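One structure is given here, and the rest of the page talks about it.
Just so it is clear: chains get the letters A, B, ... in the order the sequence lines come, proteins before strands, and each one is counted from 1. Just so you know, these numbers come straight off a predicted model, no measurement behind them. The basis for the numbers below is simple: all heavy atoms, side chains too, and nothing from hydrogens, waters or symmetry mates.
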2 protein chains.
Amino acid sequence: MCSNNIVDNNYSNTEIKIKDAAKSLFLKKGYSATTTRDIARESDINLAMLNYYFRSKRRLFEIIMFETLYEFLSKMVEVYNDEKTSLEQKLKLCSEKYIDMIIAEPLLPTFVLNELKNNPTSFLKMPTTKMIMKSNFVAQYQEGIKKGIYRKVDPIHFVTNVLSVIVFPFMCSPIIMKIENLSKKDFNIMMTERKKLIPAWIIQMIKK
Amino acid sequence: MCSNNIVDNNYSNTEIKIKDAAKSLFLKKGYSATTTRDIARESDINLAMLNYYFRSKRRLFEIIMFETLYEFLSKMVEVYNDEKTSLEQKLKLCSEKYIDMIIAEPLLPTFVLNELKNNPTSFLKMPTTKMIMKSNFVAQYQEGIKKGIYRKVDPIHFVTNVLSVIVFPFMCSPIIMKIENLSKKDFNIMMTERKKLIPAWIIQMIKK
DNA sequence: TTTTTTATTAATCATTTGTTTAGTTCATAT
DNA sequence: ATATGAACTAAACAAATGATTAATAAAAAA
């Protein structure tokens, strides 16, 4: 929820109510499986209000998609481009940050990757997308290679691996929970464990 | 395509044509975004044939889902339970096998994980699901821990990491291709590179 | 051949779904 | 107080969609 203040102030207007409900439903069920009547019911507004404020279901989706992606990518770039922190510190920071982020919104990775598959262009529009590979994070990695402390491997593999071990487990959470007989709480504890483990693993992976 | 023989033999009957088209479309667009008319058009059969052979769209989907999952899991267990190979050999084998498998059907991981999120029960029914954690692969890992050559970490993290670095990059392929300006061919070359890199990375990760 | 079963087709049904319309309420400005 | 525009509602429309039906063709059994 976006507007869970004690005072039911005017920010909780129809437009926001629609967006909140729509985001929740799109994340849970995807674009096609979510109907405009679902959204109207969930946000407790009249069906026509959706088109009144957002013109169409597609446009509402694109607005939510853009905002969600933007927020997500912004948080990523923040850590990667901090000039003050070392590579090891960045690993620790981004591991912690992403895992907290996804615990707070567990459906986000699957949603983003899934809807991206159908419409890869929406990602291109985001300014921050290509920045990752030109970030301080990657520069530090390449420096380590030059110094001879890291193995010489294309940085794309490095970045991919970091994101893989952080994000993928969340996408498998239904499987992991079933196999290991974990509750959602247990699963989150497991992911919290990984905050410390992942930086160590990555360092071991890249070191000579 | 399943039935692309030179001779248009009788195996290529209506039922198979429907299943082939439906699988292709479900993988590409998901359940909700695929209409029965899409399937009828793609398989070049009369719309009513879908219900004649499969009773409903949902049932057709469930049959395809089951078969796809079964095939996928069978291939996994095969490698994990080979008593003759060492852990390092298994890492190499499964890395190669999965990457080849997903290159052949790149939409499979996203499809499986996505539809699983909506219906986790279908996975429970699969007999091979829980077998992974009791496989020879995991046993060898735990043995390595006992011997003191591997760090003491819960096997679920080990298995998760292996699958993460293999599967996740495929799910990000649209992003990776965009960021790195890769064609689909280039991307597959990158993934083929990883066949050799992944076993080495994993060994480094788990070693003391 | 005749009969019976199976496979296929075109047309149709009943809902669902995204969107629009015409009318109403409400707040604000004149 | 009145007028004006924004916010909202109930109803309806048109297209899409999953499913069925009744009739026909093809194949198999008698």
Round to the nearest Å and state the distance from [X] atom [atom1] to [N] atom [atom2].
| X | N | atom1 | atom2 | value |
| --- | --- | --- | --- | --- |
| A/Arg37 | C/dT16 | CZ | P | 10 Å |
| A/Leu50 | D/dA10 | CG | P | 16 Å |
| A/Arg59 | C/dT20 | CZ | C1' | 17 Å |
| A/Lys57 | C/dT19 | NZ | C1' | 12 Å |
| B/Leu25 | D/dT17 | CG | P | 13 Å |
| A/Ile18 | C/dT19 | CD1 | P | 13 Å |
| B/Ile39 | D/dA16 | CD1 | P | 17 Å |
| B/Asp38 | D/dG18 | CG | P | 8 Å |

Does the distance from a Lys or Arg side-chain N to an Asp or Glu carboxylate O, for A/Asp38 and A/Arg41, drop under 4.0 Å?
yes
Salt bridge or not between B/Lys196 and B/Glu96? Use side-chain N to carboxylate O under 4.0 Å.
no
B/Arg58 to B/Tyr31 six-membered ring, cation-pi geometry met (6.0 Å, 45°):
yes
So B/Thr34, base contact, sugar-phosphate only, or nothing? Heavy-atom distance under 4.0 Å.
sugar-phosphate
Counting only heavy atoms not in A/Lys92, do more than 12 sit closer than 6.0 Å to its NZ atom?
no
Output one letter per nucleotide in nucleotides 6-11 of chain C: B when a protein non-hydrogen atom lies under 4.0 Å from the base, S when only the sugar-phosphate is that close, - when neither is.
SBBBB-
Can you identify which nucleotide, out of C/dT19, D/dT20, D/dG18, has its nearest atom closest to the B/Thr35 side chain?
D/dG18
When you compare the protein's N or O atoms with those of nucleotides 22-25 of chain D, which come within less than 3.5 Å of each other, and at what distance?
none

Roughly how far, to the nearest 0.5 Å, is the CD atom of A/Glu78 from the OG atom of A/Ser135?
13.5 Å
Euclidean distance, A/Asn81 CG relative to A/Met131 CE, rounded to 0.5 Å:
6.5 Å
Does the side chain of A/Thr36 get closer than 4.0 angstrom to OP1 or OP2 of C/dT17 through an N or O atom?
no
Is a side-chain N or O of A/Ser74 found less than 3.5 angstrom from the main chain of A/Tyr70, in a donor-acceptor match?
yes
Would you confirm whether A/Asp186, through its side chain, and A/Ile189, through its main-chain N or O, come within 3.5 Å as a donor-acceptor pair?
no
Would A/Asn136 and A/Lys90 satisfy side-chain hydrogen bond (donor to acceptor under 3.5 Å, both in side chains), going step by step from the backbone distance to the final call?
CA-CA 10 Å; A/Asn136 187 249; A/Lys90 280 193 187 64; 2.9 Å; yes
Does the base of C/dG18 carry an N or O that pairs as donor and acceptor with the side chain of A/Arg58 under 3.5 Å?
no
